[in-house]
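Here the structure comes first, spelled out in structure tokens, and everything after it is commentary.
In each ligand, atom 1 is the first atom listed, and ligand 1 is the first ligand listed.
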Amino acid sequence: MTRTPWWRNAVVYEVYVRSFADADGNGEGDLQGIRSRLGHLRELGVDALWLTPFYTSPLADGGYDVADYRDVDPRFGTLDDFDALVADVHAHGMRLIVDIVPNHSSDRHRWFREALAAPPGSPARSRYIFRSGKPGDRPGEEAPPNDWPSAFGGPAWTRVDDGEWYLHLYAPEQPDFDWRNPDVRHEFEDILRFWLDRGVDGFRIDVAAGLFKDESFRDLHGQDRRMPDGPIYSRPEVHDVYRRWRQILDEYDGDRMAIGEVWTDGPEDLALYLRPDELHQVFQFDLQLAPWSAMAFREVIDAALKAVAPTGAAPTWVLSSHDSVRHVTRYERQEGFQGIGLARAKAALLLLLALPGSAYLYQGEELGLPEVTDLPDDARQDPIFKRTNGEKAGRDGCRVPLPWSGRAEPYGFSPDGVRPWLPMPERWASMTAEAQASDPSSMLNWYREALALRRRLHGDLPEDLEWIDSPQTALFFRRGSLLFALNCGDNPVRLPAGTPLLTSTPLYGELLPGNTAAWLSSP
Ligand code: NOJ
């Protein structure tokens, strides 16, 4: 029998570094802070951590604007801190995945400064995407080279002093690299080795589908920038890059891996990234995008399994991340009884953990944290908020620092007396990790219990699932000896036959209450 590599059915915990734990007291999380809280993660029962970018950065996009790919931003620590973190994570029996951001750098990156200082057509400019503009609508006016929008609002092009325009699919502080330039390719191969040599177990590849743009730079004419066969994402050339990266990963001992952030329109496209000589995993965001509905869940699960089936890769599942509204809030009802979001999130965890493949958790979901929707405008830092003139709230509401202990801000996130980089709500006093640890009915203890049971069961379960007939508001499936039941409706449904192992709210005899999930062992 072949050995299953660790990532195939791992539970990976996303650490949003800036908001996890602040050891040095500057109001922002850091690597030493993570080291000090590894016990929490070990006790929670996760297999691996994924760290969002901690590299030198002006933080125009929370660190996804990297100025130096081989160093740690002083706000987050030092390379020595990083080495100590890797050692500690491994000593705790966990793995470490780091983010890599190859689509764009910061505008403060040495290469971009050189590009700005150099004339049009120079080798320094050719590491980024500089183009001439087009005549504008009115005489004497100039328009950007094409109509591509930035994902954060406004056009994807900014004009520099000498009249050329550079491309940024995200903020203007994030110029896109030109991956047709071999310098870029070599630089990233070297960066991968730099972190592999320091002991990382894997990479999460940011904007993995975006590296190559169609050479025509043709207009979108209002069509979705992610449309199939569009000029921006999933151009065929990108796969050569991942083939090469896979060779590099394979040169190292241990099971080093890469997971791509690939937003795509189709399963065929997704499968290309998972060819045996490319990436090990891609994020499948379907569950995160689905509403609270048994039918919707069933559809997305089927589609996700179908998408990876021909590749032999294991599926990945995620409910929340640093880019989305926290799922406790998404699952809240628009009207009427508030509080249903928590019950649903408890049930959703059982779904996530019952599925084959790996599950990616986002920090704070183990505390049942909701989205913070009432941040004052002047506290918001996400470029989406500013670039849409406040029309879109942006992602700060899911990035509020974690409450660890105590009765008031900074709730043990920072040393007492320090103001965290985003304000923390007063209502979080009862939600700290400390308060929840001593409450057997807390979300934290629910996560610990579910993860522990998954760990006991998973090794023995087959990698596929079989649907079982269920009432319309519910979904039931079997994986070997495990039966899973979820009731998304409000009224109870009859449970399939089996012995209950874990349920998210108490059963009524043989009935599964509304908004509840159960694991049962098959008779
Ligand atoms: C995806 C990251 O998750 C997000 O936070 C970031 O803003 C964009 N990529 C751009 O790097």
Handout entry: Aromatic plane relationship, F130 with F112 - under 30° parallel, 30 to 60° tilted, over 60° perpendicular
Key = parallel

Practice task
Could you tell me whether the side chains of S324 and Q288 share a donor-acceptor contact shorter than 3.5 Å?
Solution key: yes

Problem - atom 5 (O) of ligand 1 [closest protein heavy-atom partner, distance rounded to 0.1 Å] - result: D323 OD1, 2.7 Å

Exercise for the section: Report the nearest protein non-hydrogen atom to atom 1 (C) of ligand 1: residue, atom name, distance rounded to 0.1 Å. Expected result: D206 OD1, 2.9 Å

Fill in the blank from the handout: Note: ligand 1 atoms sitting under 4.0 Å from heavy atoms of R395 are 4 (C), 5 (O), 6 (C), 7 (O)

Handout entry: Polar side-chain atom of S320 near backbone of R326 as donor-acceptor pair, under 3.5 Å
Key = no

Problem - From CD (Q281) to OG (S358), nearest 0.5 Å - result: 3.5 Å

Handout entry: Carboxylate-amine/guanidinium proximity below 4.0 Å for R387 and D382
Key = no

Handout entry: F188 and F177 aromatic ring geometry - parallel, tilted or perpendicular at 30°/60° bounds
Key = perpendicular

Problem - Atom indices of ligand 1 within 4.0 angstrom of H104 heavy atoms, with elements - result: 10 (C), 11 (O)

Fill in the blank from the handout: Counting from 1 in the order shown, the ligand 1 atoms closer than 4.0 Å to a non-hydrogen atom of E261 are 1 (C), 9 (N)

Practice task
With heavy atoms only and a cut-off of under 4.0 Å, state how F152 meets ligand 1: side chain, backbone, both or neither.
Solution key: side chain

Practice task
Check ligand 1 against V207 and write out every atom of the ligand that is under 4.0 Å from a heavy-atom position of the residue.
Solution key: 9 (N)

Practice task
Run the contact test for H168 against ligand 1 with a 4.0 Å cut-off on heavy atoms, strictly below, and give the result.
Solution key: no

Problem - Distance-only N or O hit between ligand 1 and D61, under 3.5 Å - result: yes

Exercise for the section: Would you mind listing which atoms of ligand 1 come within a distance below 4.0 Å of any non-hydrogen atom of R399? Expected result: 5 (O)

Practice task
Decide, yes or no, whether a salt bridge links R244 with D240 under the criterion of side-chain N to carboxylate O below 4.0 Å.
Solution key: no

Exercise for the section: Give a yes/no on ligand 1: does R204 have at least one heavy atom closer than 4.0 angstrom to it? Expected result: yes

Problem - Test: R127 cationic atom under 6.0 Å from W111 six-membered ring centre, within 45° of axis - result: yes

